[in-house]
Amino acid sequence: MERTTKYSRLTTLAASVFAIAVLFLAKGILIPFALAMLVTFLLAPLVLRLQRWHFNRIVAVVSAMLLVLVVSSATGWLVVGQVREVTQNLSEYKQNIHERLATLRGMIVQPVQAATAMVTDLGSDLTLPVASSASVAPVQTVRIAEPLRGSFEVVREALGPAANILLTAALVFLFAFVMLLRRDDLGDRFIRMVGRGNILVTTRGLEEAAKKVSGYLWRLLLLNGLHGLAVAIGLAWIGIPNALLWGLVSAMLRFIPYVGPWIAASLPILTALAVSPGWSEPLLTLGLFATLELISNNLLEPWIYGKGTGISPLAILVSALFWTWLWGPVGLVLSTPLTVCLVVMGKHVPQLQFLNLIFGDAPGLSPPSRLYQRLIASDQDPAWLVLRTELERQSLHEVYDSVVLPALSMAEHDRQRGALDQEIEGRIEETMKLLIEEAGEFHAGSGHGNAFQPTPADALALHVLCIPARGAVDALAAAMLRQVLERDGMTVEVIASVELSGVNLGLLETRHVDVVCISAVPPSRFIHVRQLCKRIAARFPNLPIVAGMWTLELDSQEQGDRLPIPAGVQVVTSFAAARSKVCELAASRRAARMPAPQLASAAAS
């Protein structure tokens, strides 16, 4: 078994290294393909909308691609015209740039040069004199003359980057056109290749990935467009030339995470420094970008993105570093959408679940698991933080049912299989007692009321006896049940089950108990609950008994098979059900105790 596990890990590692090597070596084809996927995700809703308007698939795809071509061409034409205007005006800004550089040189360079000269003088005083030698040969400078390049090579080097950009754009356009045209067929082939017969899971993964990536891209486009429009309007109001260009550049550069906004802000600030005679325009430009970034990050992004992309902030940073290292600046642009696709596939494909666990924004542990981990580590403050976070969102019995009882069930399971020693058990019991007491005080002071509370006029001094089935975990659950029931005006007492052995069953008569609640935290508490129910029911056949098998998930037939208890005993699996059942019994007991005239008056009211 160990050899098989080791072999599987080595195979996974080798496959990961091979995949990374293929991504790096084949980036010339994979980058246009990945960009085409983004364009496909972006245009797919538009194509579907056109098809709903009774457009043919080919007509809808061609219309969407023509729209992209027109928008990109118009944007490129506008940017080129604005850039030409900027280059023509550089000569007018030359004198102002020299003055700015002279000012900066006086503020920064001259003090640095003076400090360097002083350090050099001090160093020469401390250095021992070296005997001069007349035999030292003079140093001769050798220059290597490069051959003259032809005109064809000069043109090729000048037009090379533009040609690469145009070629990549053409490949992206072609791939996106084919993907949109054959979207259904490509989806079917992907399901057959990856799904391995599980069509439902793979289809859900594809739908969620397409929905998340498409929604993310449209929201990002909307946010960047609003940001660029605000930049253009603000710079035009300040008086910075070519404000439309800087607005477009800001909108486009914000597609690059982390570094894009900084570059987008630096260009208009440098322009303001070059064209303005004073410092008011540069400072206003800097304040404009700072204000817009604060509004975007704290107001627009939470409003537009909503629940976000489904990946954690750390995963966004790690994916940005990885894809930038692999594919350069284009990888930085593609990092978030690609990671979203991986996380969604990891959510639905069992073999890729580790991707969802590593990069997803869901908590690494559920609230019960987090609480149990803090209990094992004896971290009282972090354990209370887990509990308090849930108490701020839910009522007391809901938190006990959904968080605390499952955590106690985990502890009981580990204890029965021998994984917990006595020291850890003692720490868990001590910490849980403190947490239960703190939770009761917090809930009482927070004003969170229960779903139903009897008024003082209707409240009955009902005496409820809570009996732990056997161990310390059962006693903790009984203490929590006492808190829940006491908030409904009942008198609740918790005693150990050993007090009811033999003749001590008479305590139920002397204490005038109205309802007995037996508390047990599975697994394997059935025999103790069964024996307690039998003894109490045999001695007091009319005494209501509620058997709490907390966190147990059994249907009625299985409960009857595993827990054969006397007739009339109510079996519940949560504090909410126990609370409802006890209040129901309290109402029936109150009706039985009322005199006939008072009962008739209550029924009439």
Side-chain angles (χ1 to χ4, degrees), residues 23 26-77 164-195 199-225 251-252 255-256 304-305 309-310 323 327 330-345 348-349:
L23 289 173
K27 61 182 179 181
I29 297 296
L30 294 178
I31 287 178
F33 184 78
L35 290 172
M37 286 181 58
L38 294 188
V39 175
T40 303
F41 281 125
L42 189 63
L43 296 181
L46 178 60
V47 172
L48 291 176
R49 179 61 60 87
L50 291 176
Q51 287 185 281
R52 292 194 187 102
W53 292 346
H54 305 290
F55 279 80
N56 190 298
R57 166 64 67 87
I58 298 178
V59 176
V61 173
V62 171
S63 302
M65 297 304 297
L66 285 178
L67 178 63
V68 172
L69 184 61
V70 170
V71 171
S72 58
S73 300
T75 304
W77 176 80
N164 291 333
I165 293 175
L166 291 177
L167 179 60
T168 302
L171 289 175
V172 170
F173 191 86
L174 179 61
F175 282 154
F177 180 79
V178 174
M179 288 179 184
L180 287 171
L181 196 61
R182 306 287 296 175
R183 184 172 60 90
D184 295 337
D185 181 65
L186 292 175
D188 295 341
R189 294 177 185 274
F190 182 81
I191 291 173
R192 182 176 179 180
M193 180 178 62
V194 178
I199 298 178
L200 177 61
V201 173
T202 312
T203 303
R204 286 180 177 176
L206 284 176
E207 290 179 353
E208 185 175 351
K211 184 178 179 180
K212 280 196 173 183
V213 175
S214 178
Y216 166 74
L217 291 175
W218 278 107
R219 292 183 182 97
L220 183 63
L221 185 63
L222 175 61
L223 179 62
N224 292 350
M252 290 186 292
F255 282 95
I256 303 177
I304 294 177
Y305 285 153
T309 58
W323 290 107
W327 286 352
V330 179
L332 184 60
V333 176
L334 296 171
S335 60
T336 301
L338 290 176
T339 308
V340 169
C341 294
L342 292 176
V343 169
V344 172
M345 295 307 297
H348 295 280
V349 180

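Computed over heavy atoms, backbone and side chain alike; hydrogens, waters and symmetry mates excluded. Throughout, numbering of the chain's residues begins at 1 and tracks the sequence.
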Review item, side-chain donor-acceptor pairs of residues 45-56, under 3.5 Å, at least two apart:
{"residue": "Gln51", "atom": "OE1", "partner": "Arg57", "partner atom": "NE", "Å": "3.3"}
{"residue": "Asn56", "atom": "OD1", "partner": "Ile58", "partner atom": "N", "Å": "2.9"}

| task | Provide the closest heavy-atom pair for Pro32 versus Thr168 in the form atom of the first, atom of the second, distance. | result | CG-CG2, 4.2 Å
| task | Indicate the atoms forming the closest heavy-atom contact of Phe177 with Val62, along with that distance. | result | CE1-CG2, 3.8 Å
| task | Apply the test side-chain contact (heavy atoms from CB on, under 4.5 Å) to residues Val330 and Trp323: give CA-CA distance (whole Å), side-chain angles for both, the deciding distance (0.1 Å), then the verdict. | result | CA-CA 8 Å; Val330 179; Trp323 290 107; over 6 Å; no
Please tabulate, for side-chain N and O atoms in residues 63-76, each donor-acceptor pair with protein atoms closer than 3.5 Å (sequence neighbours left out).
{"residue": "Ser63", "atom": "OG", "partner": "Val59", "partner atom": "O", "Å": "2.7"}
{"residue": "Ser72", "atom": "OG", "partner": "Val68", "partner atom": "O", "Å": "2.8"}
{"residue": "Ser72", "atom": "OG", "partner": "Leu69", "partner atom": "O", "Å": "3.0"}
{"residue": "Ser73", "atom": "OG", "partner": "Leu69", "partner atom": "O", "Å": "2.7"}
{"residue": "Thr75", "atom": "OG1", "partner": "Val71", "partner atom": "O", "Å": "2.8"}

| query | By side-chain contact (heavy atoms from CB on, under 4.5 Å), which residues pair with Leu38, not counting sequence neighbours? | reply | Val213, Leu217, Leu334, Pro337
| request: To the nearest 0.5 angstrom, please state how far the NZ atom of Lys27 sits from the CG atom of Leu30. | output: 11.0 Å
| request: Can you see which heavy atom on Ala176 is nearest to which on Ala36, and at what distance? | output: N-CB, 3.6 Å
| said: Any heavy-atom pair between the side chains of Leu171 and Phe33 that's under 4.5 Å? | reply: no
| query | Is the backbone N or O of Leu23 less than 3.5 Å from a side-chain atom of Trp327, with the two atoms forming a donor-acceptor pair by type? | reply | yes
